[in-house]
There are 2 protein chains.
Amino acid sequence: MADNHDHAHSHRHNHLVEDMLATMSRNGWRITEQRKTLAKIFAEQDGYLSPKDVYDQMSAEYPSVSFDTVYRNLRMLSEMGVLEQFYFMEGGLKFKGSCLSHHHHHLICVNCEKTMTFDYCPMEQSLELPGNYKILNHRFEIYGVCDQCQNQS
Amino acid sequence: MADNHDHAHSHRHNHLVEDMLATMSRNGWRITEQRKTLAKIFAEQDGYLSPKDVYDQMSAEYPSVSFDTVYRNLRMLSEMGVLEQFYFMEGGLKFKGSCLSHHHHHLICVNCEKTMTFDYCPMEQSLELPGNYKILNHRFEIYGVCDQCQNQS
DNA sequence: CTCAATGCAAAATGTTTGCATAATG
DNA sequence: CATTATGCAAACATTTTGCATTGAG
């Protein structure tokens with residue numbers, strides 16, 4: 001099972017990694033070993049990762065990596081739009097690879113943080129809003145417990 | 001204008017202050033001068049306040065107040081449900097008095113953080129969601145620039 | 001070979017904790 | 001008067017910065 005699962009994924013992963021690296025390159029950033037590793041980590045991961053998580057995974061491949069480099073790169077990648085950042089109330093700031101292709105919202109597992117996307121957007125309704133705000137953006141997330149996490153405890 | 005505006009508000013404010021103090025009392029917390037001030041600050045304020053904002057306003061009345069007391073009380077009031085906390089991406093953790101009476105969502109001014117509520121809730125739609133998540137809660141916020149802030153620059 | 005990226009150390013920020021003192025109920 | 005809340009100081013966690021060195025283009 002693990003085998004063709006992983007195999008099916010690896011194509012998508014390589015594609016994502018290349019996308020991320022291409023975006024960095026396009027924005028004038030150099031492709032370093034650490035940034036390749038960073039891209040790979042987020043391509044292989046559906047959920048959110050804290051800077052600490054990323055650091056831990058990075059140091060597995062590059063034992064000498066430093067925390068500030070991780071932070072710097074996470075920040076840059078967020079600014080470029082390659083990563084989405086999100087602040088969990090408990091658990092602080094986390095990052096995940098962002099889908100750049102289309103507007104969508106997230107269904108997030110509060111246990112493992114695995115995230116699924118869905119296309120329904122409440123802003124497509126004709127909302128009656130109070131005040132005369134000039135609307136800039138919005139945020140809609142649904143939290144729950146995913147199938148796996150429901151069955152495993 | 002300021003006069004009957006303020007006057008109309010003051011009734012609501014007193015009511016809110018009493019509500020908050022009653023909730024603290026009900027939960028077995030003592031009503032201290034600082035907590036009264038804290039309740040008043042949030043009753044008089046529509047928008048979000050950072051711990052620093054709260055500290056500054058508190059020290060206007062109690063110059064000797066300390067930061068950790070502010071934090072402690074903010075945390076307690078949040079746990080009790082008297083305050084809602086919210087993490088602004090830029091600007092960190094902030095608090096506002098919470099409306100305990102009915103479910104609603106927020107329209108938030110990104111400039112002054114003045115917040116209006118509205119009753120439309122996307123969860124009332126029959127959403128088709130991926131996965132088999134057991135849904136726990138959700139979050140829907142709209143960000144914009146309020147009337148005042150649009151006209152003042 | 002030039003300039004950007006890294007690692008290191010140290011600082012800045014934001015939040016929490018332990019404990020003696022003060023104040024509430 | 002018993003017990004909780006406060007202020008102080010110090011600890012802690014997280015994120016940012018300055019600078020010499022390394023490495024990508």
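In what follows, chains carry the letters A, B, and so on, assigned in the order in which the sequence lines appear, proteins first and then strands, with residues in each chain numbered from 1. For clarity, every value in this text was computed on a predicted model and none was experimentally measured.
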Between A:E61 and A:K40, is there a salt bridge with N-O shorter than 4.0 Å? yes

Whole-Å distance between D:dT6 P and B:L74 CG? 11 Å

Distance test, side-chain N/O of B:S64 to OP1/OP2 of D:dG7, below 4.0 Å: yes

Could you list the donor-acceptor pairs under 3.5 angstrom formed between side-chain atoms of residues 118-135 of chain A and any protein atom two or more places apart in sequence or on another chain?
residue	atom	partner	partner atom	Å
A:D119	OD1	A:H102	NE2	3.2
A:Y120	OH	B:Y120	OH	3.1
A:Y133	OH	B:K114	O	3.0

Measuring to OP1 and OP2 of D:dT6, would you say a side-chain N or O of B:T69 lies under 4.0 angstrom away? no

Roughly how many Å is it from OH in A:Y55 to P in D:dA13, rounded to a whole number? 15 Å

For the residue pair A:H105 and A:H138, is the inter-centroid distance of their aromatic rings smaller than 6.0 Å? yes

Distance-only donor-acceptor pairs under 3.5 Å for side chains of residues 64-74 of chain B, two or more places apart:
residue	atom	partner	partner atom	Å
B:S66	OG	B:D68	OD1	3.4
B:S66	OG	B:D68	OD2	3.4
B:S66	OG	B:T69	OG1	3.1
B:D68	OD2	B:R72	NH2	2.7
B:N73	OD1	B:R35	NE	2.8
B:N73	OD1	B:R35	NH2	3.1
B:N73	ND2	B:T69	O	3.3

When clusters are formed from ILVMFWY side-chain contacts under 4.5 Å, directly or step by step, what else is grouped with A:I108? A:Y48, A:F86, A:F88, A:V110, A:Y143, A:V145, B:L136

Hydrophobic cluster partners of A:L16 (side-chain heavy atoms under 4.5 Å): none

Could you tell me the separation between the CZ atom of B:F88 and the P atom of C:dG14, rounded to a whole number of Å? 16 Å

Find the distance B:L21:CG to C:dG25:P and express it as a whole number of Å. 10 Å

Return whichever of A:R35 or B:P51 has its heavy-atom-nearest nucleotide of DNA chain C closer to the 5' end. A:R35

5′-ward residue of the pair A:L93/B:M76 relative to DNA chain D: B:M76

Contact state string [nucleotides 16-25 of chain D, B base, S sugar-phosphate only, - no protein heavy atom under 4.0 Å]: BBB----BBS

Quick check on C:dA23: is either OP1 or OP2 less than 4.0 Å from any side-chain nitrogen or oxygen of B:Q34? no

Tabulate below the donor-acceptor pairs under 3.5 Å that side-chain atoms of residues 18-27 of chain B make, not counting sequence neighbours, or state none.
residue	atom	partner	partner atom	Å
B:T23	OG1	B:D19	O	2.8
B:T23	OG1	B:R26	NH2	3.3

Starting from C1' on C:dA23, measure out to OH on B:Y62 and report it in whole angstrom. 12 Å

Specify the separation, in whole Å, of atom NZ of B:K36 and atom P of D:dT6. 13 Å

